[in-house]
Amino acid sequence: MTPTWLDTTEAVDKVFLYIFGISLALLILITAVMVFFIIRFHRSRQTKPKDIPSSCLWLEITWTLIPTLIVLSMFWYGWQGYLSLTNVPSDALPIKAVARQWSWSFVYPGGRTSSKLVVPAGKAVRIAIVSEDVLHSLYIPAFRIKKDAVPGMTTHVWFRAPESGSFDLFCTEYCGLAHASMITTVEVLPADEFDSWLQTPQEAAGTAKSRQLLEQYGCLACHSLDGTPRIGPSFARLAEGEKVQLAGEAEKSAIVNREYLKRSILDPQSEIVQGYPAVMPSFRDKISEQDLQLLIDFLLQTDKTSTSGERRP
Amino acid sequence: MGKVIRMGEFFRRGFLESTGEQPSLFEWIFSTDHKRIGLLYLYSISTFFAIGVTLGLLIRLELIAPGRTIVGPDTYNALFTLHGVVMIFLFIIPGIPAAFGNIMLPLQIGARDVAFPRLNLLSWWLYIIGAIMALSSLAGGGGPPDTGWTFYLPFSGETTTNVSLAVFAVFILGFSSILTGLNFITTIHRLRAPGMTWTRLPLFVWSLYATAWVQVLATPILGITLVLILAERILGLGLFDAARGGDPLMYQHLFWIYSHPAVYIMVLPAMGVISEIIPVFARRPIFGYKAIVASSIGIAAAGSLVWGHHMFVSGMSDTAILVFSLLTFIVAIPSAVKVFNWVATLYGGSIRLDAPMLYALTFLVLFSIGGLSGLVLGSAATDVHVHDTHFVVGHFHYVMFGGTAFAFFGALHYWFPKIFGRMFNEKRAAWAWGIMICGFNLLYFSMLLVGLRGMPRRYYDYLPQFAQLNRLATYGSWVLALGLLFMAVNLLIALRRGKHIGANPWEAATLEWTVDSPPPPENFAVLPTVTHGPYDLEQAGEP
Ligand code: HEM
Ligand SMILES: [Cu+2]
Ligand SMILES: [Cu+2]
C-alpha cells in the first residue's frame with residue numbers, strides 16, 4: 001500500500017535503495033567467503049593449518065579504505081535526501097497539528113479543525129507540529145516523514161500527495177497508555193473537493209458541533225459514544241441523575257449532573273471512576289467556557305450516537 | 001554435590017570445592033575469589049536472562065494478532081519496559097565482562113585475582129540489590145513502570161507508576177558497572193605476569209580493557225541523568241519542562257551520551273570472545289592482531305561521539321544531524337575491519353566446527369546483518385522513515401541478541417569445560433544451535449520487514465496490514481525459545497553428568513588453559529612467565 005511516486009517518498013526511497021543494495025551485496029560477499037573458507041579449510045580437507053603470515057598491512061589498509069569510501073558516500077547520499085525533507089516548497093499550505101494524549105487534531109488556515117489530516121492532492125502541505133503534554137511523533141509511512149511533537153517547541157514536516165487516497169498516520173514516540181491507538185488517517189482529496197471542504201463552515205451548535213469538539217479535544221481517543229470499551233468509561237451511559245461508582249478506599253459514588261461533568265473535564269484526577277486508570281489530562285485553560293457548556297449539554301443528551309460512526313478505520 | 005570419584009581417580013573440583021570453613025552459601029556470596037564472583041554473576045545473569053526472555057515471549061504472544069490477546073495496554077507497556085530494563089541493565093551490560101571477564105581475566109593475564117577483590121564482591125552485591133529493586137518495582141504502589149527502558153521525559157516525570165524505584169535501581173546498577181570497570185583497568189595495568197606484554201594480551205583482555213574505560217567514563221553520566229529524573233519527579237524542578245524554561249531535548253542528549261557508548265559496553269566484550277574462539281577452532285593465529293586491538297580502541301573512543309543518531313527526528317538542529325550522521329558512519333568502519341579480520345583468520349586453517357565455533361561463526365553473520373541494517377539508521381533521510389518502528393527493534397536484536405548474546409553462548413560453551421571441568425554433549429549442543437538460528441531469523445527478520453512497512457514500536461495493537469508478519473515473528477519466538485531451552489538443559493545435564501575433561505580440551509594457547517579444569521583457588525601455584533603470544537597454537541599448553 002505504500003506508493004513510491006511521491007516527492008518525499010522518492011527522495012527517501014532512492015537512499016534506501018542505495019544503502020540496502022550495497023549492504024546486501026556486502027552481506028552476501030562476507031557470508032559467501034566465510035562459508036567457502038569453512039568448507040575449503042575444514043579439517044577433513046585441510047588436516048594441517050597452512051603456515052602463512054597472520055597479518056598483512058596492505059590488506060588492512062584496503063579493507064579500511066574501501067568501507068570508508070562506501071560509508072562516506074552513504075552519508076552524503078543520505079544527507080542529500082534529508083535536505084529534500086527539509087526544503088519546503090514556498091507555496092505549501094500551512095496546517096497545524098496538535099498532539100495530545102492520545103489523539104491528533106489538525107487546524108487549518110481560517111480555523112477549521114479536523115481529527116483527520118485532510119489534504120489536497122497535488123499540492124504541498126507544511127505541517128507545524130506542537131504537543132500539549134508529553135512527546136509524540138507524527139509519522140506518515142506512505143510519505144516517509146516523521147517528526148517528534150515536543151512540548152514548548154514547534155517542529156515541521158512537509159509532503160505532497162500526488163493523487164487522492166487515504167493513508168495511515170501514526171504516533172511513533174511512546175506517549176503512555178494508549179500510544180498504540182494514537183492513529184488517524186490522511187485523507188487526500190482532489191483539489192476542488194478539498195477547497196469546498198475547507199470552505200464549508202463548521203456548525204456552531206448542535207450534535208455535529210459537539211461531535212467535532214469531541215474529536216478536536218481528543219475525547220474520543222479514550223471514550224466511545226456507543227458503549228465500546230476503551231481506556232476510559234464510555235459516554236453512552238452518561239445521563240442526568242445516574243449514579244457513578246468511584247475508585248477509592250470507601251464506597252464512594254457521584255451523581256451525574258452538570259457540576260460532576262465539569263469537574264470530570266477540568267479536574268479529572270479528583271474523582272476516578274472505579275475500574276479505570278487515572279490517566280486523563282486536565283482540560284483547564286485548554287477548553288473555552290463556551291465549548292465546555294456545549295460538550296456538557298451533549299453528554300447529558302440521551303441519544304449520542306445518531307451522528308456517530310467509528311473514529312478508527 | 002559431593003566429591004566425585006570415578007574409577008578410583010580423584011576428581012579435583014578446584015575453586016568449586018568447599019573449604020568447609022563457613023556455611024556453604026556464605027562461602028559463595030561472601031567470597032572474594034574472582035572465579036566464584038564470576039560464577040555468581042553467571043548464575044544471576046542467566047536467571048535474569050530467562051526472566052527477560054519470558055517477558056519477551058509474552059510481548060510476542062500479545063502481538064500474535066491485532067487487538068487484545070492476553071493482556072491490556074497497561075500491562076503491555078509494563079512488559080516491554082521491564083523486558084528492556086532487564087535485558088539491558090541486568091543481562092547484556094554486565095553479561096560477558098562481569099561473568100566471563102571476572103573468571104577469565106586474571107587467568108588470562110597470569111594473575112591470582114583482580115586488583116581489588118573486595119570491591120569486586122561489592123560490585124556483585126550492588127548488582128543484586130539493583131536487580132531486586134528493579135524487579136520489585138513490579139509490585140506495589142502505582143503499578144509497574146510503563147516508560148520504556150529509555151525513561152523519556154516529560155512522560156516519565158508525570159506517570160504515576162513506580163518509575164522512581166526503577167530509576168533508582170538502574171542508578172545502583174550503574175555503580176556496580178563502574179566498579180567492575182575500575183577493577184579491570186587496574187588489574188590489566190598492574191597484575192600481568194612476567195612476559196605478558198601488551199602485544200601478548202589475549203584479545204578478550206584487550207576488549208575488556210576498552211570496555212572498562214567506557215564503563216568508567218560514560219556511566220557517571222547515566223547516574224547524573226537518573227538523578228535528574230528523580231529530581232524532576234520528586235521536587236518538580238522543571239529542568240526539562242519547556243513551559244518553565246527547561247528543555248525536553250536535553251534529557252535525550254544526556255540519556256544517549258551514556259546509552260550509545262553503552263552499546264559498545266555490550267558488544268566489545270562479545271567481539272573479544274569471538275577473537276578468542278575463532279583462532280582456536282581455525283587452528284590459525286588471529287589475523288591482524290594489531291588491527292583488531294586498534295579497532296577496539298577506535299570503537300570505544302569514536303563511539304562516545306555519535307549519540308545524536310538517536311535524535312534525528314527529535315527536533316534537534318539540522319547541523320547536529322549532519323555531524324552526528326557523519327560520525328555514525330565513521331564508527332561503522334572499525335567494526336567492518338574486525339569482521340574482515342575474523343573471516344581472514346579462517347583462511348588456510350584446519351577448521352573444527354565444535355559448538356563454540358558454531359556460535360562464533362553465527363555471530364559473524366547475525367552481527368553483520370545487525371550492523372548493515374544500522375546503516376540506514378545512520379543515514380539521515382532513511383532514519384526518518386524507520387526511526388521508532390519495529391525495524392529498529394529488529395536491528396538492535398540482531399546486534400544485541402544475534403551479536404552479544406550469541407557470543408555469550410559461545411563463551412559459555414567455550415569456557416564451560418574450563419570452569420566446571422566437564423564436557424557437554426556436542427551433538428545436542430549443535431541441535432540447540434540449529435533450532436535457535438532458525439527461530440531467531442524468523443522472529444527478527446519479520447520484525448525488520450514489518451518495521452520497514454511502517455509499524456511503530458511499543459505498539460500494543462496494530463493495523464490489519466501488519467498482521468501476517470507479526471504472526472510469523474511470534475512463531476519464530478517459540479522456535480527460538482525451544483532452542484534456548486534445549487541449550488540450557490544440555491548444559492545443566494553436563495554440569496551434573498558431563499564427562500571429566502583435562503586442562504586443555506580445545507588445545508588453546510592462552511594461559512587459562514595451562515591450569516587445571518576447574519582452576520585451583522589460587523589459579524597458579526607459581527606465577528607463570530609468558531614466552532609466547534596468545535594464539536601461537538603450537539605452544540598450546542605452555543605458558
Ligand atoms: C526470546 C527472546 C526475545 C524476544 C521474543 C524479544 C521480543 C521483543 C519485542 C517484540 C520487542 C518490542 C516491543 C515493542 O516495541 O512493542 C522487544 C523490545 C526490546 N528487547 Fe527484546 N526480545 C527478546 C530478547 C531480547 C534480548 C536478548 C535483548 C537484549 C540483549 C532484548 C532487548 C530488548 C530491548 C532493549 C527492547 C526495547 C524495549 C523498549 O522499547 O523499551 N530482547 N523485544
Ligand atoms: Cu504516542
Ligand atoms: Cu546509538
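Quick note on labels: first sequence line is chain A, next is B, and so on, each numbered from 1. From a predicted model like this one, the values you see are computed outputs, not experimental measurements.
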Handout entry: Side-chain donor-acceptor pair present, Tyr82(A), Asp383(B), cut-off under 3.5 Å
Key = no
Practice task
Heavy atoms only, distances under 4.5 angstrom: which of Thr161(B), Val365(B), Asp74(B), Asp146(B) has the most pairs with chain A? Name it, please.
Solution key: Asp146(B)
Handout entry: Approximate separation, where rounding is to 0.5 Å, of Leu177(A) CG and Tyr76(B) OH
Key = 13.5 Å
Exercise for the section: Check whether any side-chain heavy atom of Phe20(A) sits under 4.5 Å from a side-chain heavy atom of Leu372(B), and report yes or no. Expected result: no
Practice task
Give the intermediate values and the outcome of side chain to side chain donor-acceptor pair (under 3.5 Å) for residues Tyr174(A) and Asp388(B).
Solution key: CA-CA 9 Å; Tyr174(A) 177 71; Asp388(B) 263 341; over 6 Å; no
Practice task
Mind ranking Asp241(B), Thr150(B), Leu322(B) by heavy-atom pairs under 4.5 Å with chain A and telling me who comes out on top?
Solution key: Leu322(B)
Handout entry: Val15(A), part contacting chain B, at a heavy-atom distance under 4.5 Å
Key = both
Handout entry: Residue pair Tyr139(A) / His385(B), side-chain donor-acceptor N/O under 3.5 Å
Key = yes
Fill in the blank from the handout: Bottom line for Gln101(A): the part with an atom under 4.5 Å from chain B's heavy atoms is side chain
Handout entry: Spatial distance of atom CZ (Phe16(A)) from atom OG1 (Thr382(B)) [nearest 0.5 Å]
Key = 5.0 Å
Exercise for the section: Kindly indicate whether the side chain of Phe170(A), heavy atoms from C-beta on, has any atom under 4.5 Å from the side chain of Thr389(B). Expected result: no
Practice task
Using non-hydrogen atoms and a 4.5 Å limit, figure out which bit of Ile145(A) sits close to chain B: side chain, backbone, both or neither.
Solution key: backbone
Problem - OH-SG distance between Tyr459(B) and Cys171(A), expressed to the nearest 0.5 angstrom - result: 5.5 Å
Problem - Choice from Ala282(B), Gly288(B), Gly148(B) maximising heavy atom contacts with chain A below 4.5 Å - result: Gly288(B)
Practice task
Could you tell me whether the side chain of Tyr347(B) reaches within less than 4.5 Å of the side chain of Lys50(A), counting heavy atoms only?
Solution key: yes
Practice task
Flag the pair Tyr18(A) / Leu375(B) as yes when at least one side-chain heavy-atom distance between them is below 4.5 Å, and no otherwise.
Solution key: no
Exercise for the section: Flag the one option from Val134(A), Asp51(A), Thr155(A), Ile231(A) with the top tally of heavy-atom pairs under 4.5 Å to chain B. Expected result: Val134(A)
Exercise for the section: Report the option among Leu24(A), Thr154(A), Val12(A) that has the most heavy-atom pairs separated by less than 4.5 Å from atoms of chain B. Expected result: Val12(A)
Fill in the blank from the handout: Heaviest contributor of heavy-atom pairs below 4.5 Å to chain B, chosen from Thr31(A), Ile52(A), Thr68(A), is Ile52(A)
Handout entry: Engaged part of Leu452(B) at the chain A interface, taking heavy atoms whose separation is under 4.5 Å
Key = side chain
Practice task
Any chance you could measure Leu463(B), atom CG, to Ile183(A), atom CD1, to the nearest 0.5 Å?
Solution key: 4.5 Å
Problem - Heavy-atom proximity to chain A below 4.5 Å, by part of Val339(B) - result: side chain
Problem - side-chain contact (heavy atoms from CB on, under 4.5 Å) between Met153(A) and Leu249(B), worked out - result: CA-CA 10 Å; Met153(A) 203 166 138; Leu249(B) 289 197; 4.1 Å; yes
Exercise for the section: Evaluate the side-chain proximity of Glu60(A) to Asn341(B): yes if any heavy-atom separation is below 4.5 Å, no if none is. Expected result: yes
Handout entry: Option that, when pairs with chain B are counted at under 4.5 Å, heavy atom only, ranks first among Leu83(A), Asp133(A), Ile30(A)
Key = Ile30(A)
Problem - Among Cys175(A), Pro67(A), Ala149(A), Gly78(A), residue most engaged with chain B (heavy-atom pairs, under 4.5 Å) - result: Gly78(A)
Problem - Per-residue contact mode, Thr172(A) against chain B (heavy atom under 4.5 angstrom) - result: both
Completion exercise
Greatest number of non-hydrogen atom pairs under 4.5 angstrom with chain B, of Phe37(A), Trp63(A), Trp76(A), falls to Trp63(A)
Problem - Which atoms of Phe80(B) approach chain A - backbone, side chain, both or neither, heavy atom under 4.5 Å - result: side chain
Completion exercise
If one checks every heavy atom of Asp318(B) against chain A at 4.5 Å, the contacting part turns out to be both
Fill in the blank from the handout: Residue from Arg457(B), Met357(B), Arg352(B), Arg283(B) scoring the most non-hydrogen pairs under 4.5 Å with chain A is Arg352(B)
Practice task
Under 4.5 Å, counting heavy-atom pairs only, tell me which of Pro464(B), Pro279(B), Ala243(B), Ala242(B) racks up the most with chain A.
Solution key: Ala242(B)
Handout entry: Spacing of OH belonging to Tyr535(B) relative to OG belonging to Ser54(A), to within rounding of 0.5 Å
Key = 11.5 Å
Handout entry: Atom pair CG/CZ of Leu26(A) and Phe340(B) - distance to nearest 0.5 Å
Key = 6.5 Å
Practice task
Measure the shortest side-chain to side-chain distance between Lys146(A) and Val313(B) over non-hydrogen atoms and say whether it is less than 4.5 angstrom.
Solution key: yes
Fill in the blank from the handout: Bottom line for Ile70(A): the part with an atom under 4.5 Å from chain B's heavy atoms is neither
Practice task
Check each atom of Leu85(A) against the heavy atoms of chain B and say whether the ones under 4.5 Å are side chain, backbone, both or neither.
Solution key: side chain
Completion exercise
Note: vs chain A, highest number of non-hydrogen pairs under 4.5 angstrom among Ile330(B), Ile321(B), Thr345(B) is Ile321(B)
